[in-house]
Amino acid sequence: MTKNLNLFNTLSNKKEKFLPIDNSKVGMYVCGPTVYDFPHIGNARPLVVFDVLFRLLKKIYGKNKITYVRNITDIDDKIIESSKKNNKSINELTKTITKDFHQDCQYLNCQKPSFEPKATDHIKEMISMVTNLIKNKNAYENEKHVYFSVSSFNEYGKLSNKNSKQLVAGSRVEVSKYKKDPLDFVLWKPSEVSDPGWASPWGRGRPGWHLECSVMSEKFLGKKFDIHGGGLDLVFPHHENEIAQSRCANKTDKFANYWVHNGFVTFDKEKMSKSIGNIVFINKLRENINGQVIRLALLSSHYKQPLDWNERLIQESQNTLDKWYNQFEKIDSEELDDDVLNPLLEDLNTPEYISKLHLLYDESIKGNKSSKVKFLKACNLIGLLEEDKHLWKNFKKSKVKIDESFINQKIKDRNNARIKRDYKLADIIRKELENKGVVIEDKQDQTIWKYK
RNA sequence: GGCCACGUGGCGGAAUGGUUACGCAGAGGAUUGCAAAUCCUUCCAUCCCAGUUCGAUUCUGGGCGUGGCCUCCA
């Protein structure tokens with residue numbers, strides 16, 4: 001094992017050498033969607049970033065050595081709310097969104113995680129974790145509610161770098177009357193008759209938000225595991241609470257060793273929010289942009305940095321891939337050199353990696369065969385140029401209502417005009433096709449066309 | 001108020017104690033009937049002030065500015 005991966009760890013606030021608990025395998029848990037609304041471009045970022053990490057880990061440790069778990073949270077107050085608002089049953093809503101989410105993942109060319117557990121399939125385990133917490137005196141029941149007692153865990157705040165005093169001072173949380181301490185968070189709460197609920201020692205109810213990740217990471221990865229990922233906004237309170245629950249319930253000194261968090265996506269420099277109405281939904285992008293374009297755009301800045309989503313970024317990524325596809329070829333697998341991989345090993349430096357791709361492309365078009373192979377393999381590693389060239393070129397076909405024989409006839413007409421030096425007519429025909437969404441390029445011996 | 005991150009050319013975006021990637025845009029050229037695409041060449045930058053240092057964009061301190069978290073969020 002010569003390849004050394006360094007990762008920035010939120011827990012230590014430093015870049016650290018990555019050392020798995022067991023050198024022969026790696027466990028990674030990434031917070032997946034709460035299925036209450038269609039995924040947006042902000043959700044796409046962790047999907048793609050951790051997909052790249054997943055691919056990289058497989059490259060380093062071997063294909064079958066990585067266990068990647070990404071949950072689906074299908075019970076939550078937001079879901080209940082959305083279901084009421086949209087007059088859809090919970091089941092219908094979560095099924096619809098989950099299906100859409102899976103289409104997004106496929107569209108973004110994300111490899112399937114090893115496991116994709118659902119919260120509602122793990123209520124039993126959650127109840128048993130809460131029971132454990134009560135037994136360990138880290139939680140208390142009050143009027144059918146169960147709360148985690150933050151003061152019982154003295155390392156609370158370590159991940160998010162907060163102490164309880166600050167939290168109380170800055171707190172805008174509505175303090176429930178059932179809580180002993182304003183910082184305590186809910187593990188179990190009663191459900192209205194009309195709302196989803198499960199029988200429990202504390203009456204019919206449902207789990208608190210953070211519980212599913214604690215329970216499901218343990219089930220698939222163990223009480224301690226290597227990497228836990230998610231968006232930067234999950235650091236507090238979600239991940240902080242996960243740590244508290246898991247470590248207290250399991251009586252362990254550690255939970256996840258490396259915490260990796262991605263930065264936010266803004267839209268035209270503004271925060272995406274429902275009230276502004278500037279949320280970019282992935283299923284909308286699916287309509288006329290190839291998923292690889294989104295991928296490249298999302299990887300164009302370092303994962304921890306903020307990323308601004310805008311038309312220009314998409315266009316640039318589109319143009320780059322158009323160019324790169326000139327070198328497309330299906331190649332049989334070959335080991336990728338360490339020097340190519342290096343930027344990714346330094347905390348997933350995708351911008352530097354992409355700049356290397358540009359250099360490899362340059363060598364490749366000059367006829368350097370080994371550079372070409374490297375280029376293509378390197379693209380594939382981050383999920384680019386895996387799709388056939390034909391599919392890439394014809395992505396917009398379904399959108400453009402135009403018959404291919406019509407295009408070919410027009411090109412024939414135009415070339416006849418060109419032979420007769422009737423350039424006026426030739427230009428008119430070119431313009432006509434362009435207006436229909438077809439662009440013409442005259443090559444040396446032929447005229448090719450593509451969708452705009 | 002507390003905590004954190006960031007400030008690099010026209011734009012995006014890496015890296016670095018000494019010659020500052022890469023992409024886009026711009027300029028020039030090749031090619032073309034003209035284009036487009038492609039290829040070649042090329043111009044342009046480290047927020048301000050002080051300190052450490054032979055040397056700072058990089059390290060330290062201060063300032064100014066931007067963003068995030070502290071409430072549901074990727």
Side-chain angles (χ1 to χ4, degrees), chain A residues 8 10 13 30-34 36-37 39-50 76-78 81 157 160-175 183 185 209 229-238 240 261-266 269-274 279 282 296-308 310 312-313 315-320 322-323 326-327 343 346-347 349-362 365-366 417-424 426-427 430-431 434 439-444 447-450 452:
Chain A
F8 188 92
T10 309
N13 217 21
V30 175
C31 287
T34 299
Y36 71 105
D37 199 359
H40 55 73
I41 191 66
N43 304 106
R45 193 174 194 191
L47 284 176
V48 169
V49 164
F50 290 104
D76 180 87
D77 285 2
K78 289 195 295 292
E81 222 172 274
S160 54
N161 199 19
K162 296 177 193 309
N163 62 53
S164 2
K165 257 189 205 160
Q166 294 166 355
L167 283 166
V168 175
S171 179
R172 279 174 277 168
V173 192
E174 194 187 334
V175 180
L183 293 188
F185 58 90
W209 171 33
L232 201 58
D233 51 341
L234 295 180
V235 175
F236 187 91
H238 185 54
E240 196 72 72
H261 293 102
N262 65 274
F264 289 94
V265 179
T266 55
K269 301 274 178 192
E270 252 189 315
K271 186 175 173 170
M272 282 196 285
S273 81
K274 280 189 181 150
I279 294 181
I282 305 171
L296 181 61
L298 287 171
L299 296 173
S300 70
S301 78
H302 184 80
Y303 76 89
K304 287 195 84 66
Q305 296 302 124
L307 175 77
D308 189 53
N310 55 64
R312 194 172 167 166
L313 176 66
Q315 198 55 55
E316 277 188 20
S317 304
Q318 169 83 44
N319 292 346
T320 299
D322 259 331
K323 195 171 89 171
N326 288 332
Q327 289 295 299
E346 277 307 311
D347 197 29
N349 192 337
T350 51
E352 194 183 331
Y353 187 78
I354 290 167
S355 94
K356 287 242 170 96
L357 291 179
H358 283 289
L359 298 179
L360 284 173
Y361 172 84
D362 287 344
I365 58 166
K366 288 188 178 115
R418 287 172 73 208
I419 288 163
K420 288 181 199 148
R421 295 183 176 272
D422 183 355
Y423 295 121
K424 216 170 207 173
D427 288 350
R430 180 166 64 196
K431 190 81 198 161
E434 201 191 322
V439 183
I440 278 179
E441 292 175 21
D442 293 326
K443 298 288 181 189
Q444 291 205 322
T447 298
I448 65 159
W449 61 272
K450 62 180 184 183
K452 206 171 169 179

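All chains are named by letter (A, B, ...) in the order of the sequence lines, taking the proteins before the strands, and each is independently numbered beginning at 1.
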(message) By nearest atom, which of the nucleotides C69(B), G23(B), C22(B) is closest to the Glu316(A) side chain?
(response) G23(B)
(request) Respond yes when some side-chain nitrogen or oxygen of Tyr361(A) is under 4.0 Å from OP1 or OP2 of C39(B), and no when none is. (result) yes
(message) Could you check whether any side-chain heavy atom of Arg418(A) comes within less than 4.5 Å of a side-chain heavy atom of Thr447(A), counting everything from C-beta outward?
(response) yes
(message) Give the dot-bracket line for RNA chain B from 5' end to 3' end: parentheses for intra-strand Watson-Crick or G-U pairs under 3.5 Å, square brackets for crossings, | for inter-strand pairing, dots for unpaired.
(response) (((((((..(((.....[...))).(((((.......)))))....(((((..]....))))))))))))....
(request) Check the pair Thr34(A) / Asp76(A) against side chain to side chain donor-acceptor pair (under 3.5 Å), numbers first and verdict last. (result) CA-CA 8 Å; Thr34(A) 299; Asp76(A) 180 87; 5.1 Å; no
(request) Grab the two heavy atoms, one from Leu313(A) and one from Ala297(A), that are nearest each other, plus how far apart they are. (result) CG-CB, 3.8 Å
(request) Check whether the side chain of Asp427(A) and the base of G33(B) form a donor-acceptor pair under 3.5 Å. (result) yes
(request) Would you please confirm or rule out a distance under 4.0 Å between OP1 or OP2 of A14(B) and any side-chain N or O of Lys356(A)? (result) no
(message) Need to verify one output field. Residue with the more 5' nearest nucleotide on RNA chain B, Gly230(A) or Val439(A)?
(response) Val439(A)
(message) Measuring to OP1 and OP2 of A74(B), would you say a side-chain N or O of Lys304(A) lies under 4.0 angstrom away?
(response) no
(message) Please report the distance, rounded to the nearest Å, between NE2 in His302(A) and P in G68(B).
(response) 19 Å
(request) Could you work out the separation of U31(B) and G65(B) based on their C1' atoms and round it to a whole Å? (result) 48 Å
(request) Rounded off to whole Å, could you give me the CD-to-P distance for the Glu441(A) and A35(B) pair? (result) 15 Å
(request) Could you tell me whether the side chain of Asn13(A) has a donor or acceptor atom within less than 3.5 Å of a complementary atom in the base of C4(B)? (result) no
(request) Answer yes or no: side-chain N or O of Arg430(A) and base N or O of A36(B) forming a donor-acceptor pair under 3.5 Å. (result) no
(request) Please determine if Lys304(A) and Asp347(A) form a salt bridge, counting it only when a charged side-chain N lies under 4.0 Å from a carboxylate O. (result) no
(request) May I ask you to evaluate whether Asn319(A) reaches the phosphate of G23(B), defined as a side-chain N or O under 4.0 Å from OP1 or OP2? (result) no
(message) As a test of reading the structure: which of C70(B), C6(B), U38(B) is closest to the side chain of Lys162(A), going by heavy atoms?
(response) C70(B)
(request) Output, in order, the C-alpha distance, side-chain angles, deciding distance and verdict of side-chain contact (heavy atoms from CB on, under 4.5 Å) for Asn262(A) and Leu232(A). (result) CA-CA 5 Å; Asn262(A) 65 274; Leu232(A) 201 58; over 6 Å; no
(request) Please determine which of Gln315(A), Lys323(A), Glu316(A) meets the side chain to side chain donor-acceptor pair (under 3.5 Å) test together with Asn319(A). (result) Gln315(A)
(message) Of the options C22(B), A37(B), A35(B), whose atoms approach the side-chain atoms of Asp442(A) most closely?
(response) A35(B)
(message) If you assign each of Ala44(A) and Asp362(A) to its closest nucleotide in RNA chain B, which residue comes earlier from the 5' end?
(response) Asp362(A)
(message) If the cut-off is 4.0 Å, is Asn161(A) near the phosphate of C3(B), judged by side-chain N/O to OP1 or OP2?
(response) no
(message) Checking the side chain of Arg45(A) only, and the main-chain atoms of Gly263(A) only, is there a donor and an acceptor separated by less than 3.5 Å?
(response) yes
(message) For a quick test of reading the model: is some side-chain N or O of Lys269(A) closer than 4.0 Å to OP1 or OP2 of G12(B)?
(response) yes
